[in-house]
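Below is one structure, written out as structure tokens; comments come after it.
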Amino acid sequence: MKQLQLPSAFIQSLQAAPGFEQEAFENVHQSGEQITSIRVNNCKAFDILHSTFNISEVPWNLNGYYLAERPSFTLDPLFHAGAYYVQEASSMFLEQALKQTVDLSRPIKVLDLCAAPGGKSTLIQSLISGESLLVSNEVIKTRVNVLAENIAKWGAANVIVTNNDPKDFQRLPDYFDVIVIDAPCSGSGLFRKDTNAINEWSEQNVLLCSQRQERILADILPSLKRGGILIYSTCSYSEEEDEEIADWLTEQFEVESLRLEIKDDWGIVETKSPASNACGYRFYPDKVKGEGFFIAAFKKPTTNDGESKEWYSRSRSEKLSAKEVEVVQSYLKDPDNFFFIKQKDEVIAMPLHLENDLANIQSALYIKKAGVKLGTIIRNELIPHHELAISSIINRETPSVEVELDIALQYLRKQEIHLETERKGWSLLTYKQLPLGWVKLLPNRVNNYYPKDWRILNK
Ligand code: SAM
């Protein structure tokens, strides 16, 4: 095996980092060990995964599991059905940060500002209540598609995906109860997984990253409600991007640092920032079963100049006629819990109580995706959309045909498939009872409606 060489300037820069132990750190990078972990979508599947994989639990996340070996996720239909998300274990600690600082039983508005490809967003969505809203934002246009795809696969209706620069959120002052910033960083925490990143590391880049992190934080803080919670994380070991950012935040914005409880046997290092003693949590791969990660939680001060502004604006989207509502309702598990709008002929369902939020966000930001697309109504019939098939709001009484692995993979490759069934018309194709997408059953053939852009390309 090729020895992994960490740059000496990098090792030197970590000498004073809290909890850094050079020998153990270098050894674990050279060991070649690779850890694979997934987080299960509790809205979709649970038991299936226990029978599919050889797993053990990630101690700080209720739905997180380590796999004994890395399977081919591409060839697992459950992966495409959104039954789980492949996520690095340390970053799943966000669950603890949220559970320990936020009352998650309340309806809240959460912003995940740097969200692509969607690991933190899918985690947040699993924790918040159905009445809560998650705005999942990604500034880089080319990365929004994969974010929207992963959110669609996760299947929830209470998510809006936006494509905005952090400063655009200043159009929504005092709006969010929680803001999560998984900041772009120098990426040293992932050296073991992505050895190419090692060559890109430089002190200059650490400096650039820390300046960008400050800019992002300064831009976004006005949209956090007073008394709201800010969670900041990086996958960098550099103090300039971690504890020093915590110092800068507490000094510039008077946010209060929040301490999190950690168990001794988790191997996480609690740190205190040099100037303001703000708490941070470091994950070193020689101490935890996971990659490098840093996370810290803060509370924005509550000032006594009145309550946060109540938002209200009228929706600009076209509503459905009573007849059209009737057409779509039969496709949903709890149709009375949703409102429906039409956007370019496509019908979208969102939880009823989020109508004002959608209007507010529409007036301030560029929305890439909101709620669940149900499809297009033509002559009082719904041409169903793929998002509906893989959503967790679909009526599970919808006609479906269960298939084995080989047919499931042919379907996901968008190949021609043959099914033994007497049924005709639109039908879900399911694998281990989880919908993969739509087929249309015709008298002498089956039309495959799996989205072309999502199809499996390898053999
Ligand atoms: N939270 C994601 C997850 O868990 O899957 C990973 C996010 S990654 C660490 C950081 C993200 O920030 C990237 O998607 C990147 O495109 C985005 N980003 C880059 N520059 C940014 C900026 N100036 N403002 C906001 N986000 C930025």
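Start at 1 and go down the list; that is how both ligands and their atoms are numbered. Only this structure's heavy atoms are used, side chains among them; waters, hydrogens and symmetry mates stay out.
Taking the side-chain hydrogen bond (donor to acceptor under 3.5 Å, both in side chains) definition, one finds that Asp286 meets it with nothing, sequence neighbours left out. Evaluation of the side-chain hydrogen bond (donor to acceptor under 3.5 Å, both in side chains) rule for Tyr284 yields Arg282 as partners, not counting sequence neighbours. Remark: Thr122 pairs with Arg39 by the side-chain hydrogen bond (donor to acceptor under 3.5 Å, both in side chains) rule, at least two apart or across chains.
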*Under the ring pair (Phe, Tyr, Trp, His ring centres under 6.0 Å) criterion, do Phe25 and Phe20 qualify, and how do the steps go?*
CA-CA 7 Å; Phe25 184 85; Phe20 177 69; 5.0 Å; yes

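A salt bridge does not link Asp265 with Lys263: every distance from a Lys NZ or Arg NE/NH1/NH2 to an Asp or Glu carboxylate oxygen is 4.0 Å or more.
Side-chain contact, Thr271 with Glu243: a donor N or O sits under 3.5 Å from an acceptor N or O.
Residues with a heavy atom under 4.0 Å from ligand 1: Cys114, Ala115, Ala116, Pro117, Gly118, Gly119, Lys120, Glu138, Val139, Ile140, Arg143, Pro166, Asp182, Ala183, Pro184, Arg212, Ile216.
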